[in-house]
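Since the structure comes first, as structure tokens, the remarks are kept for the end.
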Amino acid sequence: MTVTVLLPDGSRYSVPGQLVWRDDGRHARFEQVPINCDPLWLLIFEKGHWLAKPRFGPDIARLPGREEPCWWEGIWQMDESALPDDDVATPLSSAA
């Protein structure tokens, strides 16, 4: 069985799913959930739909329920907006 997942661009794709037992105290039932094994996408359930969020990159900090800063946000060297415009990577010259 597959589960439909929404990508950030609005397109949909089918992901292999599994049945998981859910018991929230009021209802006990099986739910079909996607197998979260894609190396590029993190699959989360939000507002009644399964959504794919990038596993890496700037969107990872904006996942729902994220209140504390990510570990890299306090390191000034990792802040790309702090780089000056003229700071361009130059290749090392090798002595021949």
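Positions are given from 1 along the sequence.
- The shortest non-hydrogen separation linking Thr2 to Gln32 is O-NE2, 3.3 Å.
- More than 12 heavy atoms of other residues, nucleotides or ligands shown are found within 6.0 angstrom of CZ on Arg22.
- Side-chain contact check for Leu6 versus Glu46: every heavy-atom pair is 4.5 Å or farther apart.
- In this view, Arg29 and Asp24, His27, Glu31 satisfy the side-chain contact (heavy atoms from CB on, under 4.5 Å) rule, not counting sequence neighbours.
- Other cluster members for Val33: Val3, Val5, Leu7, Tyr13, Val15, Val20, Leu40, Trp41, Leu43, Phe45, Trp50, joined by side-chain heavy-atom distances under 4.5 Å among Ile, Leu, Val, Met, Phe, Trp and Tyr.
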